[in-house]
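As a basis for the values below, the full set of heavy atoms in this structure was taken, side chains included, without hydrogen atoms, waters or symmetry mates.
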Amino acid sequence: MTALRLHNTASGRVEEFTPLEPGHVRMYTCGPTVHDYSHIGNFRTILFEDLLHRLLETQGYKVTHVRNLTDVEDRIIRKSQEQGVDIDVYTAEYIEAFFEDLATLRVRPAGVYPRATGHITEMVALIQRLAAGGHTYEVEGSHYFRIATFPKYGALARLDPTKLKTGARVDVDEYGKDDPRDFALWKARKPGEHFWDTPLGAGRPGWHIECSAMSMRYLGETFDIHTGGVDLIFPHHEDEIAQSEAATGKPFVRYWLHAAHLTDATGEKMSKRLKNFATVRDLLAEGVAPRAIRYALLTGAHYRKPLHFSSEMLVGADSSVRRLNEFAVRLQAPADPADPPADIRQRWDDALADNLNIEEAVGELFTWIRTFNTRLETGGVPPAERASAMAMLRYADQILDVIDFPGALDDAEVIRLIEERRAARAAGDFARSDEIRELLRQRGIQLDDTKDGTRWKRIT
RNA sequence: GGCGAGUUAGCCAAGUGGUAAGGCAGAGGUCUGCAAAACCUCCACCGCGGGUUCGAGUCCCGCACUCGCCUCCA
């Protein structure tokens, strides 16, 4: 297996990946803030994480994957107050929708989906640990992290802390901070807000602390991979490093991976603020196939480059997926077990191992498919080779997951109709032949006549 | 202003020193009762200007433009 190389934001370089524990990868992905439906820009990052998760698995690693749900946060509080409901009631709808969308896009499930509201105890304990180390201070019931106590602050984002702009977007409830760059660990209770009674006082957690507390709980104080969108590098991940390493004295994360944004056709970042976004359910309502969305987001561009999203690319993705499925049908492969051809499998592995270059991997795959199709055209490809090609397709689909592999035809009526149509064609009765083809089409089966006989496939 | 990423065909994009992968769309052709699919052929002076080199999309310098981050946005 080709050695996996990944771009580490912490070093700014592509590095060979080795997990802390041989054979076992622990990864944490920053999940959604469930104040609204996640848009496809959010899912671009999630599909990148899905690619990473699946590739690690095909490389033989056991993967312990944690994806958190941020279910208490400023926007959630504001919107739930506007609706006059508790935050749990407010977020329930969006949490459910999030999991529906994950299933629609065939995202491999994480092992754990911890929720912030379910880990208040861990967060409080971590803040107390930081307090004991002299890294915090309290102002009017809110607790802040004093970044002056953490010299490495700014290293991940390559920001010089002394040059950070200050004052521009400081929240009104944080005027009491000693240094505007300090960040809130715990926010004092405000009238009407959901709060927890804790040894720190009544209030609610700041945003960053949840990821430190939950990742350490499920993955340990040092773990392998932490991912998210590039916008999380600062301040979110910078703050996570500060509060985690200040508390434990150990390295927090070994490899930081960040996905570039999805942009709209004009090249601008897709965001709710600009209202230039679409949700998965929006696209489904427009009749876009789930597989096309998955394929477009997964293979549209290298994860470190912005992906220019458009309806045209969805159309293209749908055609590409159809071509892959068509090839699976055309192979007419025997069910015998087989291994993928070594050369194409090697090219596929090499491309993905090179910092997840799925564009190149897919390019290799299509080149190979065309060559194979040409051989199928001339006929005489032995069953063993077709089985091997099918094995390659299945291997690639462990990552892509967009192919519906043809199963056996088990409907006696369908088999009888195909045979009747064959006889009708032989007799020149094309009216009956077309009638049967239409009949089967309505049952979701399409017939294709080839010089080797009639093929069938299910229409999706 | 600081830091970073980018600029490759109509569209999406790979390619990090040796005369430009792949997908989509388009044009022509082959096959075919029809349809579908497939196959073949065609379609790029790699943002601009210098430089290094036998040779540059690929390295260096400059310029233009785009985008991201700079306290709670994936």
Side-chain angles (χ1 to χ4, degrees), chain A residues 12 29-33 38-46 48-49 70 73-75 154 157-161 163-171 174 177 180-184 206-208 227-236 238-239 258-263 265-274 295-296 299-302 304-310 312-323 326-327 329-330 351 357-370 373-378 425 428 430 433-434 437-438 441 446-451 455 457:
Chain A
T29 55
C30 276
T33 301
S38 294
H39 59 70
I40 53 173
N42 304 128
F43 280 104
R44 197 261 167 128
T45 298
I46 288 171
F48 141 68
E49 291 155 350
T70 299
E73 173 263 3
D74 290 3
R75 289 166 298 180
R158 292 184 174 66
L159 287 174
D160 181 347
K163 289 185 179 166
L164 297 185
K165 284 198 302 192
T166 59
R169 290 165 70 179
V170 174
D171 194 354
E174 300 187 1
K177 292 192 291 190
R181 300 162 308 175
D182 292 340
F183 58 91
W207 177 35
H208 317 297
T227 71
V230 287
D231 55 328
L232 295 187
I233 295 172
F234 194 89
H236 186 53
E238 195 71 57
D239 290 350
H258 293 97
H261 286 134
L262 194 65
T263 62
T266 68
E268 261 197 294
K269 170 182 167 183
M270 193 172 278
S271 73
K272 297 198 171 144
R273 183 174 58 80
L274 292 172
Y295 187 88
T299 73
H302 187 264
R304 296 238 310 138
K305 288 193 178 178
L307 174 56
H308 302 296
F309 185 82
S310 66
E312 288 77 14
M313 88 175 299
L314 284 176
V315 173
D318 195 58
S319 297
S320 299
V321 169
R322 204 165 45 238
R323 184 156 173 208
E326 206 60 56
F327 182 63
V329 171
R330 189 159 194 235
N357 192 341
I358 197 165
E359 273 287 330
E360 186 179 331
V362 169
E364 295 287 357
L365 187 68
F366 275 107
T367 303
W368 169 77
I369 286 175
R370 193 178 58 208
N373 264 327
T374 303
R375 294 186 56 214
L376 290 172
E377 192 73 11
T378 55
R425 288 185 77 220
F430 296 119
S433 167
D434 290 347
R437 184 165 59 196
E438 183 52 33
R441 189 192 306 281
Q446 178 172 315
L447 299 183
D448 301 329
D449 298 322
T450 74
K451 60 175 177 285
R455 284 198 312 253
K457 66 188 176 198

Novice: Under 4.0 Å between a side-chain N or O of A:K305 and OP1 or OP2 of B:rA14?
Specialist: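 Yes, because at least one side-chain N or O of A:K305 sits under 4.0 Å from OP1 or OP2 of B:rA14.
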
Novice: Using 30° and 60° as the class limits, which term best fits the ring planes of A:H236 and A:W207: parallel, tilted or perpendicular?
Specialist: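 Plane angle under 30°, so parallel.
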
Novice: Of the nucleotides B:rC72, B:rA21, B:rC40, which one has an atom closest to the side chain of A:T374?
Specialist: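 It is B:rC40.
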
Novice: Taking CD1 from A:I233 and C1' from B:rC72, how many angstroms apart are they, rounded to a whole number?
Specialist: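 Going from A:I233 (CD1) to B:rC72 (C1'), I get 15 Å.
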
Novice: In whole Å, measure the gap between the P atoms of B:rU66 and B:rC42 for me.
Specialist: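 Roughly 38 Å separates the two P atoms.
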
Novice: Can you check each nucleotide of nucleotides 29-37 of chain B against protein heavy atoms at under 4.0 Å and return B for base, S for sugar-phosphate only, - for none, in 5' to 3' order?
Specialist: ----BBBBS

Novice: Want to settle it: does A:G229 or A:P235 sit nearer the 5' end of RNA chain B, counting the closest nucleotide to each?
Specialist: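 Upstream on the strand: A:P235.
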
Novice: Can you find a side chain N or O atom of A:N373 that sits less than 4.0 Å from OP1 or OP2 on B:rA38?
Specialist: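 The answer is no; no side-chain N or O of A:N373 sits under 4.0 Å from OP1 or OP2.
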
Novice: Ignoring the backbone of A:N357, work out which of B:rC72, B:rC3, B:rG15 is nearest its side chain.
Specialist: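 That would be B:rG15.
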
Novice: Considering only B:rG22, B:rC70, B:rC24, which nucleotide approaches the side chain of A:S320 most closely?
Specialist: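 Shortest atom-to-atom distance from the side chain points to B:rC24.
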
Novice: If the threshold is 4.0 Å, N to carboxylate O, is there a salt bridge linking A:E377 and A:R370?
Specialist: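 No.
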
Novice: Within less than 4.0 Å of OP1 or OP2 of B:rC73, is there a side-chain N or O belonging to A:N42?
Specialist: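 For B:rC73, OP1/OP2 do not have a side-chain N/O of A:N42 under 4.0 Å.
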
Novice: Could you state the atom-to-atom distance from CG of A:L159 to P of B:rG1 in whole Å?
Specialist: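 After rounding, the reported distance stands at 17 Å.
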
Novice: For A:E360 and A:I369, find the nucleotide of RNA chain B closest to each by heavy atoms; which residue's nucleotide sits nearer the 5' end?
Specialist: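 Its nucleotide being nearer the 5' end, the pick is A:E360.
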
Novice: In whole Å, I'd like the distance from the CZ atom of A:F43 to the P atom of B:rA74.
Specialist: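 The distance from CZ of A:F43 to P of B:rA74 comes to 11 Å, rounded to the nearest Å.
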
Novice: Judged by modelled atom types alone, do A:T227 and A:E49 share a side-chain donor-acceptor pair under 3.5 Å?
Specialist: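 Their side chains do contain a donor-acceptor pair, which is all the 3.5 Å distance test asks for.
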
Novice: Defining pairs by Watson-Crick or G-U wobble geometry with both distances under 3.5 Å, how would you list the stems of RNA chain B with at least three pairs each?
Specialist: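 Stems (3+ consecutive pairs) listed as B:1-7 with B:64-70, B:10-12 with B:22-24, B:26-30 with B:38-42, B:47-51 with B:59-63.
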
Novice: Counting heavy atoms from C-beta on, name the nucleotide in B:rC39, B:rA13, B:rC72 closest to the side chain of A:L307.
Specialist: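 Of all the options, the side chain of A:L307 is nearest to B:rA13.
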
Novice: Whether A:R441 and A:E438 form a salt bridge (side-chain N of Lys/Arg under 4.0 Å from carboxylate O of Asp/Glu) is what I want to check.
Specialist: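 Salt bridge between A:E438 and A:R441, a charged N being under 4.0 Å from a carboxylate O: yes.
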
